[in-house]
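Worksheet: the structure to be examined is printed underneath.
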Amino acid sequence: MRWIDGSDVALNQFSGEKLCEKLALEMYKCDRENWFECESYIQNVLFILDFDTVCNMEGFSTPYDGYFAIDYYMKIIQAFQAIGDKHDADILSEALHLDTHYTEQIESIDEDDESDAVYDVFCDKIAELEKGLYLNTDYDMWALLYEYVESHIKQQQ
């Protein structure tokens, strides 16, 4: 299989968890454009790992915050759906919807005070959504991710 740096890697040496760990350690050593040349399931893992890293370092983020473009955020949502995590995918979809709605509102306001008030409402709603994410619950999204990767490793053997 083609690895994120362009080299070949034998998947049969990895469990789902070990492959995710290897990806997490090496993903930022390559340009993000390289990620799109990998198998789609590897891309899904990379999107989830990237999202998780940003959230752990910067907090729950939406495109308004500038870490993710809208199309990239949609790929993150699709990655959560692909691993079978409908719950977190739905939260991210709602966050994207709120992000779009409030971004349009904020951009249409001329008054700074009014813009700040709208932004505060947006932040409150995002904070409420964040409480339901795997990061803040006992939900084991990682088990789903590892099983997802395991199933793809087995398919390629």
Side-chain angles (χ1 to χ4, degrees), residues 1-103 121-157:
M1 183 198 81
R2 185 174 170 5
W3 192 244
I4 53 179
D5 65 2
S7 65
D8 288 328
V9 65
L11 292 181
N12 59 355
Q13 64 184 325
F14 297 103
S15 66
E17 183 174 1
K18 291 295 181 189
L19 187 60
C20 288
E21 288 173 4
K22 182 172 176 58
L23 282 165
L25 290 172
E26 297 180 14
M27 63 192 276
Y28 295 121
K29 294 179 183 176
C30 300
D31 291 332
R32 189 174 280 171
E33 292 79 33
N34 292 17
W35 299 2
F36 296 101
E37 296 174 18
C38 296
E39 300 272 343
S40 62
Y41 80 95
I42 295 294
Q43 289 179 39
N44 286 334
V45 174
L46 291 167
F47 296 141
I48 290 171
L49 292 173
D50 192 30
F51 175 79
D52 184 72
T53 300
V54 169
C55 285
N56 279 299
M57 293 177 67
E58 304 296 334
F60 183 38
S61 187
T62 66
Y64 184 85
D65 300 311
Y67 294 104
F68 303 114
I70 291 172
D71 61 329
Y72 190 84
Y73 204 80
M74 291 173 66
K75 290 183 184 307
I76 294 168
I77 294 168
Q78 292 166 351
F80 277 96
Q81 291 169 337
I83 69 166
D85 185 355
K86 182 178 176 355
H87 176 77
D88 289 312
D90 288 348
I91 289 173
L92 295 176
S93 294
E94 180 61 23
L96 181 58
H97 173 75
L98 289 171
D99 182 275
T100 302
H101 174 72
Y102 282 99
T103 298
V121 170
F122 167 68
C123 289
D124 290 345
K125 289 185 178 186
I126 291 296
E128 194 59 37
L129 281 176
E130 181 181 12
K131 291 178 185 176
L133 272 177
Y134 70 94
L135 294 162
N136 300 306
T137 65
D138 292 334
Y139 187 70
D140 191 5
M141 176 279 299
W142 297 106
L144 289 175
L145 181 63
Y146 301 152
E147 288 173 26
Y148 171 79
V149 173
E150 286 277 342
S151 71
H152 284 280
I153 290 171
K154 288 177 184 173
Q155 288 176 9
Q156 294 188 356
Q157 291 180 353

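FYI, the numbering just counts along the sequence from 1.
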Item to check | Distance, nearest 0.5 Å, that separates CG of L133 from CE of M141 | outcome: 9.5 Å

Checklist entry - Of the non-hydrogen atoms in A89 and Q81, which two are nearest, and what is the gap between them? => result CB-CG, 3.5 Å

Checklist entry - Can you list the steps and then say if Y41 with Q155 is a side-chain contact (heavy atoms from CB on, under 4.5 Å)? => result CA-CA 12 Å; Y41 80 95; Q155 288 176 9; over 6 Å; no

Checklist entry - Below 4.5 Å, heavy atoms only, C-beta onward: do F47 and N44 meet side chain to side chain? => result yes

Checklist entry - What are the two closest heavy atoms between F14 and I153, and how far apart are they? => result O-CD1, 3.6 Å

Item to check | W3 vs N34, side-chain contact (heavy atoms from CB on, under 4.5 Å): CA-CA, chis, key distance, verdict | outcome: CA-CA 9 Å; W3 192 244; N34 292 17; over 6 Å; no

Next on the checklist: Under a 3.5 Å distance rule, please check whether D65 uses its side chain to pair with a backbone N or O of Y67 as donor and acceptor.
Outcome noted: no

Item to check | Q156 CD to S151 OG distance, which is reported to the nearest 0.5 Å | outcome: 10.0 Å

Next on the checklist: Against E94, only a single residue in L98, L96, I91 fulfils side-chain contact (heavy atoms from CB on, under 4.5 Å); can you say which?
Outcome noted: L98

Item to check | Student check: side-chain heavy atoms of Y148 and I48 closer than 4.5 Å | outcome: no

Next on the checklist: By the salt bridge (Lys or Arg N to Asp or Glu O under 4.0 Å) test, which pairs, at least two apart or in different chains, include something from residues 10-25?
Outcome noted: K18-E21, K22-E26

Checklist entry - Heavy atoms, side chains only, cut-off 4.5 Å: are T53 and Y28 in contact? => result yes

Checklist outcome for this item: Scanning both residues in full, the closest heavy-atom pair of A95 with F60 reads CB-CZ, 3.7 Å

Checklist entry - Does any non-hydrogen side-chain atom of L25 lie less than 4.5 Å from one of K29? => result no

Checklist outcome for this item: Between F68 and S61 the two heavy atoms that sit nearest each other are CE1-CB, 4.0 Å

Checklist entry - So H101 and H97, would you call those rings parallel, tilted or perpendicular, with 30° and 60° as cut-offs? => result parallel

Checklist entry - Do the non-hydrogen side-chain atoms of N56 and L135 ever get within less than 4.5 Å of each other? => result yes

Checklist outcome for this item: d(S40 OG, Q43 CD) to nearest 0.5 Å is 6.5 Å

Checklist outcome for this item: Closest non-hydrogen atoms of V149 and C20, given as atom of the first, atom of the second and distance, are CG2-SG, 3.8 Å

Item to check | Geometric class of the Y73/F51 ring pair [parallel <30°, tilted 30-60°, perpendicular >60°] | outcome: perpendicular

Item to check | Side-chain heavy-atom pair I4, W35 within 4.5 angstrom cut-off | outcome: yes

Checklist entry - Tell me, do L49 and M27 make a side-chain contact under 4.5 Å, heavy atoms counted? => result yes

Item to check | Flag for Y72-D50: side-chain donor and acceptor within less than 3.5 Å | outcome: yes

Checklist entry - So which heavy atom on D88 is nearest to which on G132, and how close? => result OD1-O, 4.0 Å

Item to check | Interatomic distance, N12 atom CG to K154 atom NZ [nearest 0.5 angstrom] | outcome: 13.0 Å

Checklist entry - If you measure only the distance, is there a donor-acceptor pair under 3.5 Å linking the side chains of D85 and Y134? => result no

Item to check | Non-hydrogen side-chain atoms of I126 and D99 separated by less than 4.5 Å | outcome: no

